[in-house]
*Asks:* 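Provided herewith is a single structure, encoded as structure tokens, for subsequent inquiry.
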2 protein chains.
Amino acid sequence: MRIGELAAVTGTTAKTLRFYESAGLIPPPHRSPNGYREYSDDMVSRLDFVRRGQSAGLSLAQIAEILHLRDEGRSPCAHVETLLAERLEELDRQISDLLELRETVAKLHESSRSPDSSLCRPDQVCRYI
Amino acid sequence: MRIGELAAVTGTTAKTLRFYESAGLIPPPHRSPNGYREYSDDMVSRLDFVRRGQSAGLSLAQIAEILHLRDEGRSPCAHVETLLAERLEELDRQISDLLELRETVAKLHESSRSPDSSLCRPDQVCRYI
DNA sequence: ATGAACCTTCCAGTAAGATGGAAGGTCAAG
DNA sequence: CTTGACCTTCCATCTTACTGGAAGGTTCAT
């Protein structure tokens with residue numbers, strides 16, 4: 001199948017697939033005599049894996065690592081477990097950071113809703129922040 | 001005060017201050033005869049405001065908007081309230097997205113911890129993702 | 001007079017994941 | 001024969017908030 005069809009099947013674009021190739025996520029495919037990329041069917045599942053990896057919050061670089069392990073015939077299981085554990089820790093950090101920020105912003109917003117603009121003095125930028 | 005001193009006082013760098021000037025966050029200051037930037041003391045509070053705005057999760061562009069309103073002599077209160085409300089909505093969206101993602105990743109990670117590698121088949125990239 | 005510590009401008013690059021466009025080749029249908 | 005839908009490469013751009021470095025001017029202490 002050619003790049004446009006593969007893109008349609010996997011819900012992405014030809015542009016993105018060429019980018020994925022340059023990023024090492026998919027191997028350079030065979031070329032037809034006219035120079036067109038010609039993909040085999042198993043690229044579909046590989047790209048599905050990429051999409052699932054992204055849904056799991058992994059970066060393309062991490063997804064590429066996993067794929068490369070597999071390409072070398074090695075089982076990526078242990079590495080995947082590590083990546084997922086790290087991602088989980090990072091998510092917990094991000095979430096608690098955002099919750100803290102949310103509290104800060106909520107307080108600022110609450111105070112900004114009291115329409116007591118007499119307290120708004122020109123010698124400061126904004127009393128709410 | 002010169003740029004290095006202002007940077008030290010406000011906890012940033014001369015490089016960043018020049019960048020802030022180019023981004024319209026601080027006005028171009030007077031220059032000494034030798035061409036050095038010469039800042040007045042009220043730049044300190046302006047930069048403190050920038051830092052507080054960032055702590056509230058506002059972008060430099062949003063902070064610049066607020067400062068420009070104030071620079072025009074207009075009260076930014078109403079605009080600030082809108083910005084904070086939008087930021088709060090966005091934070092809620094981000095947080096719930098991350099919580100959802102955390103659930104997904106936690107499940108994947110849990111299943112990846114069962115060391116049943118007999119299920120790891122070479123014809124798929126990784127059964128965990 | 002010389003070295004350190006400032007300052008200046010300008011240009012380039014970083015992360016991440018694409019996206020847009022130019023200029024051109026290929027192929028099938030009408 | 002031409003139109004339209006594909007495909008190719010390469011280069012530039014987007015976002016955000018800086019950061020690095022080159023090449024050079026200024027000031028102060030020793």
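Chain naming here is simple, since letters A, B, ... match the order of the sequence lines and numbering starts at 1 in each. Just so it is clear, the model here is predicted, and its values are computed rather than measured. Hydrogens, waters and symmetry mates are skipped; everything else that's a heavy atom, side chains included, is used.
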*Asks:* For the pair B:Glu86 (side chain) and B:Leu83 (backbone), establish whether a donor and an acceptor sit closer than 3.5 Å, ignoring hydrogens and angles.
*Replies:*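 Not a single qualifying donor-acceptor pair exists.
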*Asks:* Considering non-hydrogen atoms only, spot the tightest contact between B:Arg2 and B:Tyr39 and give its length.
*Replies:*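 For B:Arg2 versus B:Tyr39, the nearest heavy atoms are C-CD1, 4.2 Å.
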*Asks:* Which nucleotide span of DNA chain D, 5' end to 3' end, has atoms closer than 4.0 Å to non-hydrogen atoms of chain B?
*Replies:*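 The contact span of chain B on DNA chain D goes from D:dA17 to D:dT27.
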*Asks:* Which residues in residues 2-9 of chain A have a heavy atom closer than 4.0 Å to any atom of DNA chain C?
*Replies:*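 By residue number: none to list.
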*Asks:* Assess whether a salt bridge exists between B:Arg46 and B:Asp71, defined as any Lys/Arg side-chain N lying under 4.0 Å from an Asp/Glu carboxylate O.
*Replies:*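 The answer is yes: the pair qualifies as a salt bridge.
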*Asks:* Assign B:Gln62 to base, sugar-phosphate, or nothing according to its heavy-atom contacts below 4.0 angstrom with the strands shown.
*Replies:*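 The residue B:Gln62 makes no contact with any strand.
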*Asks:* If we ignore hydrogens and angles and just use 3.5 Å, is the side chain of A:Thr82 paired with the main-chain N or O of A:Ala78 as donor and acceptor?
*Replies:*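 It does hold such a pair.
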*Asks:* At 10 degrees resolution, what angle do the end axes of the helix from C:dA1-D:dT30 to C:dG30-D:dC1 form when each is taken over five base pairs?
*Replies:*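 Rounded to the nearest 10 degrees, the bend comes out at 30°.
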*Asks:* Using whole Å, what does the distance between atom C1' of nucleotide C:dC7 and atom CG of B:Leu17 come to?
*Replies:*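 The distance from CG of B:Leu17 to C1' of C:dC7 comes to 13 Å, rounded to the nearest Å.
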*Asks:* Output yes when a side-chain donor or acceptor of B:Glu38 lies under 3.5 Å from a complementary backbone atom of B:Met1, and no otherwise.
*Replies:*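 Checking the backbone N and O of B:Met1 against the side chain of B:Glu38, a donor-acceptor pair under 3.5 Å is found.
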*Asks:* Rounded to the Å, how far apart are A:Arg18 CZ and C:dT19 C1'?
*Replies:*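 Roughly 12 Å, once rounded to whole Å.
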*Asks:* Mind listing the residues from residues 20-35 of chain A sitting with a heavy atom below 4.0 Å of DNA chain C? Number order is fine.
*Replies:*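 Close to the strand are A:Tyr20, A:Asn34.
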*Asks:* Taking A:Glu103 for the side chain and A:Glu100 for the main chain, is one N or O donor matched with an acceptor at less than 3.5 Å?
*Replies:*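 The answer is no, because no donor-acceptor pair under 3.5 Å joins these two groups.
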*Asks:* Provide the closest heavy-atom pair for B:Val105 versus A:Leu84 in the form atom of the first, atom of the second, distance.
*Replies:*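 In terms of heavy atoms, the two residues are closest at CG1-O, 3.8 Å.
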*Asks:* Quick one: A:Ile63 CD1 to C:dA18 P, roughly how many Å, whole number?
*Replies:*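 It works out to 9 Å between those atoms.
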*Asks:* Testing the basics here: between B:Ala56 and A:Leu108, what is the closest heavy-atom pair and its distance to 0.1 Å?
*Replies:*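 In this case the closest contact between B:Ala56 and A:Leu108 is CB-CD1, 3.7 Å.
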*Asks:* Given 3.5 Å as the limit, does a donor-acceptor pair link the side chain of B:Ser32 with the main chain of B:Gly35, or not?
*Replies:*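 Flag not set: sc B:Ser32 to bb B:Gly35 has no pair under 3.5 Å.
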*Asks:* Does any part of the side chain of A:Leu67, heavy atoms only, come nearer than 4.5 Å to the side chain of A:Ile26, both counted from C-beta?
*Replies:*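 Not in contact.
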*Asks:* For B:Asp48, enumerate each residue passing the salt bridge (Lys or Arg N to Asp or Glu O under 4.0 Å) test, keeping only those at least two apart in sequence or located in another chain.
*Replies:*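 Partners of B:Asp48 under the salt bridge (Lys or Arg N to Asp or Glu O under 4.0 Å) test: B:Arg51.
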*Asks:* Output a table of donor-acceptor pairs, distance under 3.5 Å, between side-chain atoms of residues 16-23 of chain B and any protein atom two or more places apart or on a different chain; print 'none' if there are none.
*Replies:*
| residue | atom | partner | partner atom | Å |
| --- | --- | --- | --- | --- |
| B:Thr16 | OG1 | B:Thr13 | OG1 | 2.9 |
| B:Glu21 | OE1 | B:Arg37 | NE | 2.8 |
| B:Ser22 | OG | B:Phe19 | O | 2.8 |

*Asks:* Hey, which of these two, A:Lys15 or A:Ser59, hits DNA chain C nearer its 5' end, going by closest nucleotide?
*Replies:*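 Checking each residue's closest nucleotide, the 5'-ward one belongs to A:Ser59.
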*Asks:* Indicate, with a heavy-atom threshold strictly under 4.0 Å, whether B:Arg37 touches base, sugar-phosphate, or nothing.
*Replies:*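 Answer is sugar-phosphate: B:Arg37 comes under 4.0 Å of backbone atoms only.
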*Asks:* Identify whether the distance between the nearest side-chain nitrogen and carboxylate oxygen of A:Glu90 and A:Arg87 falls below 4.0 Å.
*Replies:*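 Counted as a salt bridge, because a side-chain N and a carboxylate O are separated by less than 4.0 Å.
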